[in-house]
Amino acid sequence: MVLEDSECCAFDLEITEDAVETPFGKVHCTMKGVAKGNRPAILTFHDIGLNHKTCFESLFDHKDMHEITQHFAVCHVDAPGQHEGAGTISTESTYPSMDQLSETLPMVLKCFGLSSVIGLAVGAGANILCRFALKHPDLVEGLVLINMNAQAESLMDRATQKITSWTHALPDTVISHLFGKEEIHNNSERIATFRQHITNNINQSNLQQFVKSYKSRRDLEMERPVQGESVNVRTLKCPALLIVGDSSPAVDAVVDSNSRMNPTTTTLLKMADCGGLPQVDQPGKLIEAFKYFIQGMGYMPSASMTRLALSRTGSSSSLDRSRNRCGTNTSQEERGRSHTDVSMDSTFNSIEHNPSGPILSV
């Protein structure tokens, strides 16, 4: 059966781990599979309090993801000192900023021989990958950003954070960043699991430095291009899919990020009955959206869609119109890729239209 073949291929993927030396410290990377010609690899980056395993393991172990990993190599990146078993980074040296962490990624690509990537990231990782794409647009073909926050920490938030740090332990601070109040109150078992990981599996000194770096981030200063006006605005050049759970503490930040991006190439996906980590809450649904996003870029035209109805006609969904506006560039056509029109009516139960770009609710 196809599923059995897919599972076999997924478990037979070649796995390479390496600590990539950069001017901003060693970056621990896990490469799964081998880059295929000029096809991009999937590059992941985790949020604070997590590493690539706790952030993405349930997603990439999901059976529906195996079809994607058959086609794309995957490079998981852990921020300095955040991987399991990491030694303590000296506090005498300054932990890299968000901008500096983004500048480690070209070296990661060079180390593994990757010519370009499709980014998949959460929270702090989404901010880092967005900075990377803004500065190195030729290296990024697309971005899937979960819980994206393009804003700098406000003075009020910093003051609140400082007061909170006096009365709350570091794991509590991270938990309140990852999960909303409702989820913390109603899903005690999940919160306990993540709290245990944050406390026992990540070097606390290193985590504190990473959290401080994220809280000290600069505003991304992106602008939404306006038709007929200057095209020299600071904006992403690649298609982007922004994802957030409807009860996530990051909802407002993601909506703001969406308002700054190019509405013709950006879609905001709000996932119903979903908390702070959609890749953990609704991995199957997220993978379905990821497949569709990849298809919109011209890859995997024959991918199976268990929840989506395939259609030969133009879809009325805003994701499909966004995809069609993106088009296929010349290099894609030369590689012989083709588009498949897909209707998402069977998955998306409501579609809101917004001048800042399509907003979908799942």
Side-chain angles (χ1 to χ4, degrees), residues 43 45 47-48 97-103 105 117-158 177 213-246 248-271 276 278 289-290 293 296-297 318-319 321-323 325-327 351-362:
L43 182 81
F45 212 119
D47 201 353
I48 58 173
S97 65
M98 295 291 105
D99 285 306
Q100 290 172 331
L101 288 171
S102 73
E103 283 303 307
L105 298 179
V117 297
I118 298 171
L120 172 62
V122 181
N127 188 280
I128 290 165
L129 283 196
C130 197
R131 292 175 192 276
F132 172 52
L134 286 168
K135 192 162 185 181
H136 302 278
D138 55 318
L139 299 179
V140 183
E141 293 198 23
L143 287 174
V144 177
L145 305 173
I146 302 170
N147 299 340
M148 171 66 190
N149 191 340
Q151 299 175 331
E153 193 89 339
S154 69
L155 292 176
M156 182 65 72
D157 288 338
R158 287 191 185 187
H177 165 80
S213 176
Y214 179 60
K215 298 295 184 182
S216 303
R217 66 190 180 276
R218 295 187 305 108
D219 193 283
L220 278 171
E221 298 179 345
M222 293 189 299
E223 296 180 55
R224 182 165 67 95
V226 178
Q227 188 173 7
E229 296 186 10
S230 173
V231 295
N232 295 321
V233 297
R234 180 180 169 85
T235 188
L236 291 174
K237 305 299 183 184
C238 64
L241 174 60
L242 306 185
I243 299 176
V244 67
D246 62 351
S248 168
V251 170
D252 290 343
V254 175
V255 171
D256 171 76
S257 298
N258 182 59
S259 72
R260 301 172 178 222
M261 295 186 178
N262 190 335
T264 66
T265 57
T266 305
T267 297
L268 168 56
L269 175 60
K270 290 183 179 180
M271 299 182 71
F290 190 29
F293 180 75
M297 296 171 62
S318 53
L319 249 184
R321 288 198 300 275
S322 175
R323 183 201 63 160
R325 284 195 294 266
C326 296
I351 301 174
E352 300 176 49
H353 296 284
N354 185 284
S356 296
I359 299 180
L360 306 177
S361 297
V362 180

(request) Look at the side chain of N147 and the backbone N and O of G276, then say whether any donor-acceptor pair between them is shorter than 3.5 Å. (result) yes

(message) Working to the nearest 0.5 angstrom, can you tell me the gap between I118 CD1 and M297 CE?
(response) 4.0 Å

(request) Check whether any side-chain heavy atom of N149 sits under 4.5 Å from a side-chain heavy atom of Y214, and report yes or no. (result) yes

(request) Check whether any side-chain heavy atom of T266 sits under 4.5 Å from a side-chain heavy atom of L236, and report yes or no. (result) no

(message) Is any side-chain heavy atom of M148 closer than 4.5 Å to one of C130?
(response) yes

(request) Using the six-membered ring wherever Trp is involved, compare the ring planes of H136 and F132 and label them parallel, tilted or perpendicular (cut-offs 30° and 60°). (result) tilted

(message) Please give me the minimum heavy-atom distance between M261 and S257, naming the atom from each residue.
(response) CG-O, 3.3 Å

(message) Could you check whether any side-chain heavy atom of V254 comes within less than 4.5 Å of a side-chain heavy atom of K270, counting everything from C-beta outward?
(response) no

(request) Could you check V140 against L43 for side-chain contact (heavy atoms from CB on, under 4.5 Å), going step by step and ending with a plain yes or no? (result) CA-CA 10 Å; V140 183; L43 182 81; over 6 Å; no

(request) Mind listing the closest non-hydrogen atom pair of V244 and A250 along with its distance? (result) CG2-C, 4.1 Å

(request) Over all heavy atoms of both residues, which pair between A121 and L129 is shortest? Give the atoms and the distance, please. (result) CB-CD1, 3.5 Å

(message) With rounding to the nearest 0.5 angstrom, report the CZ to CD1 distance, F45 to I128.
(response) 4.0 Å

(message) Please identify which of these residues, I243, V144, L241, L145, meets the side-chain contact (heavy atoms from CB on, under 4.5 Å) condition with L120.
(response) V144

(request) Starting at OG of S259, measure out to CD of E223 and round the result to the nearest 0.5 Å. (result) 11.5 Å

(request) Check whether any side-chain heavy atom of Q100 lies under 4.5 Å from a side-chain heavy atom of S213, and answer yes or no. (result) no

(message) Please enumerate all residues that pass side-chain hydrogen bond (donor to acceptor under 3.5 Å, both in side chains) together with D256, with sequence neighbours excluded.
(response) Q151, R260

(request) Without swapping roles, check the side chain of R234 against the backbone of L220 for a donor-acceptor pair under 3.5 Å. (result) yes

(request) State the CZ-OG1 distance between R224 and T264, to the nearest 0.5 angstrom. (result) 10.5 Å

(message) To the closest 0.5 Å, what do you measure between CG (N127) and CZ (R217)?
(response) 6.0 Å

(message) Main chain of P225, side chain of T235: is a donor-acceptor contact present, judged purely on distance under 3.5 Å?
(response) no

(request) Quick one: list whatever passes side-chain hydrogen bond (donor to acceptor under 3.5 Å, both in side chains) with R218, sequence neighbours left out. (result) D99

(message) So which atom in M222 and which in A150 form the shortest heavy-atom distance, rounded to 0.1 Å?
(response) CE-CB, 4.1 Å

(message) I'd like to check D47 versus I146 (side-chain heavy atoms, cut-off strictly below 4.5 Å). Are they in contact?
(response) no

